[in-house]
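Heads up, the thing below is written out as structure tokens.
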Amino acid sequence: MVSLKISVGDTIPKGIFSTIPFTEELADHSVCGIPTTLSTDSWKGKKVVLFSVPGAFTPTCHVNHLPPYLAKYHEFKAKGVDVIAVIAANDPFVMSGWGRVEGLTDKIITLSDPDAVWSNSLGLSIDLSSVGFGVRTSRYAMIIDNLVVKYVEVEPARGVTVSGADAVLANL
């Protein structure tokens, strides 16, 4: 059971994530890209939708969670969202590869939260060591406006409900 350490109205703690920004050179899959860092400080003054998956390329994440965010990209933009980002405990190369396979280009940023350190600080990690996955990010979603949490929900069970694109759009 997740014990949230962040609530609506709280300012998010600073986080620094690894990411490989999409460039046209990555499109043909012959290069890996160079990881850079992204700080939550860059979200100051912006409306951000952040959703988390336990792992890239895993069945629910790959089929049911990420694709609706991409399909509804223009709906998010129409509601004033500046940044859409997906976060997981996978390394930045896996996250970038997943983003390229899914066709995210520059629409959705893929963020690496190794060992779910940032997510754990919010009470949003899950220990999946019993199935060999180690500590991962929980399946959750947040709406962040100027670094302040406007919506935060974590999935109560398997599947995608409160962290899915439709639930987040309904709360924008």
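The basis for the numbers below is simple: all heavy atoms, side chains too, and nothing from hydrogens, waters or symmetry mates.
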Excluding Phe93, membership of its hydrophobic cluster (Ile, Leu, Val, Met, Phe, Trp, Tyr; side-chain heavy atoms within less than 4.5 Å) reads Ile20, Phe22, Leu26, Val31
If you group Ile, Leu, Val, Met, Phe, Trp and Tyr whenever their side-chain heavy atoms sit less than 4.5 Å apart, what else falls in with Val148?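 Result for Val148 is none, singleton.
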Under 3.5 Å donor-acceptor, [X] side chain and [Y] backbone:
| X | Y | value |
| --- | --- | --- |
| Lys79 | Leu169 | yes |
| Ser163 | Ala141 | no |
| Asn171 | Val168 | no |
| Asn90 | Val94 | no |
| Glu155 | Thr161 | yes |

Students often mix this up, so state it plainly: with edges at 30° and 60°, are the rings of Phe51 and Tyr69 parallel, tilted or perpendicular? parallel
Let's go through Val160 and Arg139 carefully: what are the C-alpha distance in whole Å and the side-chain angles of both, what is the deciding distance for side chain to side chain contact (heavy atoms under 4.5 Å, CB included) to 0.1 Å, and is it a yes or a no? CA-CA 8 Å; Val160 179; Arg139 188 178 308 283; 3.9 Å; yes
Taken in chain and number order and not counting sequence neighbours, the residues that satisfy side chain to side chain contact (heavy atoms under 4.5 Å, CB included) with Leu147 are Thr11, Ile12, Trp43, Lys44
Do [X] and [Y] have side chains that get closer than 4.5 Å, going by heavy atoms?
| X | Y | answer |
| --- | --- | --- |
| Val149 | Ile6 | yes |
| Ile143 | Val48 | no |
| Leu124 | Val154 | yes |
| Tyr73 | Leu104 | no |
| Ser121 | Lys5 | no |
| Val86 | Val53 | yes |

Heavy-atom closest pair, residues Met95 and Ala56: SD-CB, 4.1 Å
On a heavy-atom basis, which atom in Gly80 and which in Lys47 lie closest, and how many Å separate them?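 Gly80 and Lys47 have their closest heavy atoms at O-CB, 3.6 Å.
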Between Thr137 and Ser52, do the side chains contain a donor N or O and an acceptor N or O under 3.5 Å apart?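 There is such a pair (donor and acceptor under 3.5 Å, judged by atom type) between the side chains of Ser52 and Thr137.
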Pair Ser119, Asp113: side-chain N/O donor-acceptor within cut-off below 3.5 Å: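 Side chains of Ser119 and Asp113: pair found under 3.5 Å.
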For [range], which residue pairs qualify under salt bridge (charged side-chain N to carboxylate O under 4.0 Å, His left out), counting only residues two or more places apart or in two chains?
| range | answer |
| --- | --- |
| residues 161-172 | Lys72-Asp166 |
| residues 14-23 | Lys14-Asp41 |
| residues 23-36 | none |

So, taking the atom named [atom1] in [X] and the one named [atom2] in [Y], what distance separates them when rounded to the nearest 0.5 Å?
| X | Y | atom1 | atom2 | value |
| --- | --- | --- | --- | --- |
| Leu66 | Ile84 | CG | CD1 | 10.0 Å |
| Ile16 | Ser39 | CD1 | OG | 5.0 Å |
| Thr36 | Phe17 | OG1 | CZ | 13.0 Å |
| Ile108 | Leu50 | CD1 | CG | 11.5 Å |
| Lys107 | Leu70 | NZ | CG | 6.0 Å |
| Tyr140 | Ile87 | OH | CD1 | 4.5 Å |

Please check if Val83 and Leu122 belong to a single hydrophobic cluster, counting links between Ile, Leu, Val, Met, Phe, Trp and Tyr side chain heavy atoms closer than 4.5 Å. yes
Tell me whether Met142 is reachable from Val117 by hopping between hydrophobic residues (I, L, V, M, F, W, Y) whose side-chain heavy atoms are closer than 4.5 Å.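 No; Met142 is not reachable from Val117 via cluster members.
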